[in-house]
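Scroll down for the structure; my scribbles are underneath it.
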Amino acid sequence: MSTGGQFRVIYPVDALDGGLNSKYEAAIIADNDSPDCLNVTYDNLGGVQTRNGMTKLNTATVGSYTGNGLSTARFNDGTEAMIGWWNGTGYRLGSTTFVTIPSAQSIFTADTRVDSVMYQNLMFFGNGGSQSYKYNGTEFTRHGITAPNSMGASTSGTAGANGAQTGDVNYRVTYVNSYVVEGDVSPATTTLTLASTATVSLSALPLAPTSFGVAARRVYRRDAGTTGSYKLVGTINDNTTTTYLDSTPTASLGAVAPTDNASPGNWKFAVKHQERIFFVDPTDPSGLRYTELGNPFVSKVTNRIPIGDGDGENISGLAIHANMVVIGKDASVWLIYMPSTDPTEWQRVKSNSKYGWASHYANADYTDAVMFIGKRYNQLNGFMSLVGADTEQNSVDLSATNVTSDSKSDRIEPDVFSFNASTINLACAIEFKNKLWFSVPYASSTNNRVYQFTNQRRDKNQKDGAWVPFTYPVGFSAFTIYGGFLYAQSATANGFVYKLDTPGYSDDGTAINSYAWTKEFSGHDQHLENWKDFRFANFTVGTLGNYYMDFSYRTDGDSSAGTTKRIYLTPGGAVWGEFYWNDGTLWGGGTVRKKFTIGLDGISGKRIQFKVSNQNTLNQGFHIYPFGSFNYNVKGVR
């Protein structure tokens, strides 16, 4: 429609789900992107809304400690156990309080992140500074089977035809855990010379501390002087008896003693794949170690894969992708491709990723990829997605040509460069309801902000996803899913765990500051340089409650708060003076959404920008649906 040399134009706003784009100018980003948003999520239609809140899980604090690990053990009987770590001690959730796990007090170094991995109905824990442990829901004991560090005495007894072999004998003992897996042998006794066949009395046999998880011990003997193998004499089926009488002739000795049943030791982080646990020992930062097939308690000395030995990079994270173990280093990513469970058939390859991993705890699976925070040594490069499932080994440089990493955070690069590189190793991540949650140290030494990545979106171009930052009253040091819900452990020293994504607009009694700016719209391409009189904005709004939301607008790069109008969100109908009669709103009708036409007062400019906000008010939110529009009159070019 033309009036006085001007004409009214409608410009559609089809979606608002592009996420944060803080890198590029607000006038050139995509129509559905936001140059500034906080604490919002996107619906499956392309609309934007206030995120859900959070509530405390435990009614009593564990103590004034920062959380150092949170995980959920899922046992074969269908039960779950949430386990948290504070100040080096392990706790199990009991209803709404955390109770100390027996034997798990002050096990690990305080304020050091504890990693966990579930396998064979056991949860294993390690932090690289202390012995690793296992938990079956009742017993908390060492991960591997530690060899006895001493041996008792042996003296000859009464001679007899059924006695031990005449001559020199030595003895050794092994510990056997409650899963009937045996560890390495102890040191040998001093040599005992038998003048004739005799029964040998062993005394002061080693006893294991309760934390070792020892259920039995095996006694081995070596005959024929100082050479030959140690062979089984017998088994002591307890961890209390300190004596043993040996009258076994040489011909009746059993199996040879183990020579390499080493414990996994003090691993720092671990993953499970193909019936083995793969882990990293902090004393061997460029080697990937693994347990025996189907046996998580033993890792032979030879169970080591060198990952770029001597390249100056330490292993900084592990993950599983397709049929591969992924090894993140300081500036590269390596892969162990496993066509079978036989280590001789495994392929060690270096991927085409140009970036290493910043944190073992900040990787998450989604669709056919793994998202991680990329770095090159101490320089952060953003969120990377490891894609590709096949490896092709190159005999020259051992590269994997089909697996690489794509940057997924170009549009929020300024935010990424504000992450604290010195503590980014404490960042953590999880996938929940088709969204990725990353807790990071944003301009802080501790995790204090969450970035959510939405991969499944309504539009056809889904590959880039959408990012949005969340702020909470506390930061989070670890995530877990328990009972189908998402929980987070506080990175603030308050000893609490929080349930996230809870209905309502309250962060444990604190208001959620939720808002989203649109891009600066210039209208249709042919009007890019035209001056305009902006007349109306037309949006459909969710009627969430008997309160207001703010709708603001400004033009041409204005950095002020703009002009703000309020929309009443009551389901019972619109409020006089806040709507137009021709907008289709039913006066007094109870509806879940309404279309509002907001007068823009003829504000002039080349570009216009809108903001929606929940007024940063407790228990208030907003929901703007897609397929809105705004009207303007075209004027001359200036």
Are the side chains of [Y] and [X] in contact, using a 4.5 Å heavy-atom criterion?
X: Leu569; Y: Tyr547; value: yes
X: Ile424; Y: Ser359; value: no
X: Leu318; Y: His273; value: no
X: Gln620; Y: Ser514; value: no
X: Ile603; Y: Ile608; value: yes
X: Asp17; Y: Leu45; value: no
X: Val541; Y: Phe622; value: no
X: Lys519; Y: Asp33; value: no

Apply the salt bridge (Lys or Arg N to Asp or Glu O under 4.0 Å) test between Glu520 and each candidate in Arg607, Lys606, Lys611, Arg554; give the one that qualifies. Arg607

Taking atom [atom1] of [X] and atom [atom2] of [Y], what is their separation to the nearest 0.5 Å?
X: Ile327; Y: Ser316; atom1: CD1; atom2: OG; value: 11.0 Å
X: Phe279; Y: Asp115; atom1: CZ; atom2: CG; value: 12.5 Å
X: Asn127; Y: Asp111; atom1: CG; atom2: CG; value: 11.0 Å
X: Asn314; Y: Ile307; atom1: CG; atom2: CD1; value: 12.5 Å
X: Asn363; Y: Ser385; atom1: CG; atom2: OG; value: 11.5 Å
X: Phe485; Y: Thr480; atom1: CZ; atom2: OG1; value: 14.0 Å

Can you give me the closest heavy-atom contact between Asn381 and Met384, atom names plus distance? O-CE, 3.2 Å

Mind listing the closest non-hydrogen atom pair of Arg411 and Gly465 along with its distance? NH2-O, 2.5 Å

When you measure from the side chain of [X] to the backbone of [Y], do you find a donor-acceptor pair of N or O atoms at a distance under 3.5 Å?
X: Glu80; Y: Gly483; answer: yes
X: Ser522; Y: Leu528; answer: no
X: Trp334; Y: Ile315; answer: no
X: Lys375; Y: Ile373; answer: no
X: Asn420; Y: Ser422; answer: yes
X: Thr518; Y: Phe610; answer: yes
X: Asp365; Y: Ala319; answer: no
X: Asn378; Y: Ala421; answer: no
X: Ser34; Y: Trp517; answer: yes
X: Ser552; Y: Gly562; answer: no

Looking only at the side chains, is there a donor atom on one of [X] and [Y] sitting less than 3.5 Å from an acceptor on the other?
X: Asp550; Y: Gln615; result: yes
X: Asn447; Y: Ser477; result: no
X: Thr61; Y: Asn494; result: no
X: Asn39; Y: Tyr505; result: no
X: Asp501; Y: Asn52; result: yes
X: Thr617; Y: Tyr548; result: no
X: His527; Y: Tyr632; result: yes
X: Tyr42; Y: Asn32; result: no
X: Thr446; Y: Asn448; result: no
X: Arg566; Y: Tyr568; result: no
X: His360; Y: Asn425; result: no
X: Tyr515; Y: Asn616; result: no
X: Asn614; Y: Thr50; result: no

Given Trp437, which partner from the list Tyr451, Phe476, Phe453, Phe470 fulfils the ring-ring contact (aromatic ring centres under 6.0 Å, His included) test? Phe470

Residues at least two apart in sequence or cross-chain that pass side chain to side chain contact (heavy atoms under 4.5 Å, CB included) with Lys23, listed by chain then number, are Asn21, Asp410, Glu413, Pro414

Taking the six-membered ring for Trp, are [X] and [Y] parallel (under 30°), tilted (30 to 60°) or perpendicular (over 60°)?
X: Phe419; Y: Tyr442; value: perpendicular
X: Tyr482; Y: Tyr487; value: perpendicular
X: Phe98; Y: Trp86; value: perpendicular
X: Trp357; Y: Phe372; value: parallel

Using ring centroids (six-membered ring only for Trp), state whether Trp85 and Phe125 fall under 6.0 Å. yes

Verify whether the ring centers belonging to Phe539 and Phe596 lie closer than 6.0 Å. no

Atom [atom1] of residue position [X] - does it have more than 12 heavy atoms of other residues, nucleotides or ligands inside 6.0 Å?
X: Ile10; atom1: CD1; value: no
X: Tyr625; atom1: OH; value: yes
X: Lys268; atom1: NZ; value: no
X: Tyr377; atom1: OH; value: yes

Kindly indicate, with the supporting measurements, whether the criterion side-chain contact (heavy atoms from CB on, under 4.5 Å) is fulfilled by Phe383 and Leu436. CA-CA 11 Å; Phe383 293 95; Leu436 305 186; over 6 Å; no

Residue of the set Val48, Val40, Asp43 for which side chain to side chain contact (heavy atoms under 4.5 Å, CB included) holds with His623: Asp43

Give the C-alpha distance, both sets of side-chain angles, the deciding distance and a yes or no for side-chain hydrogen bond (donor to acceptor under 3.5 Å, both in side chains) between Tyr11 and Asp31. CA-CA 11 Å; Tyr11 187 85; Asp31 278 8; 2.6 Å; yes

Take Leu288 and Val325, measure what side-chain contact (heavy atoms from CB on, under 4.5 Å) needs, and give me the verdict at the end. CA-CA 10 Å; Leu288 178 67; Val325 176; 4.2 Å; yes

Apply side-chain contact (heavy atoms from CB on, under 4.5 Å) to Cys428 and Gln489, showing your working. CA-CA 11 Å; Cys428 59; Gln489 186 181 40; over 6 Å; no

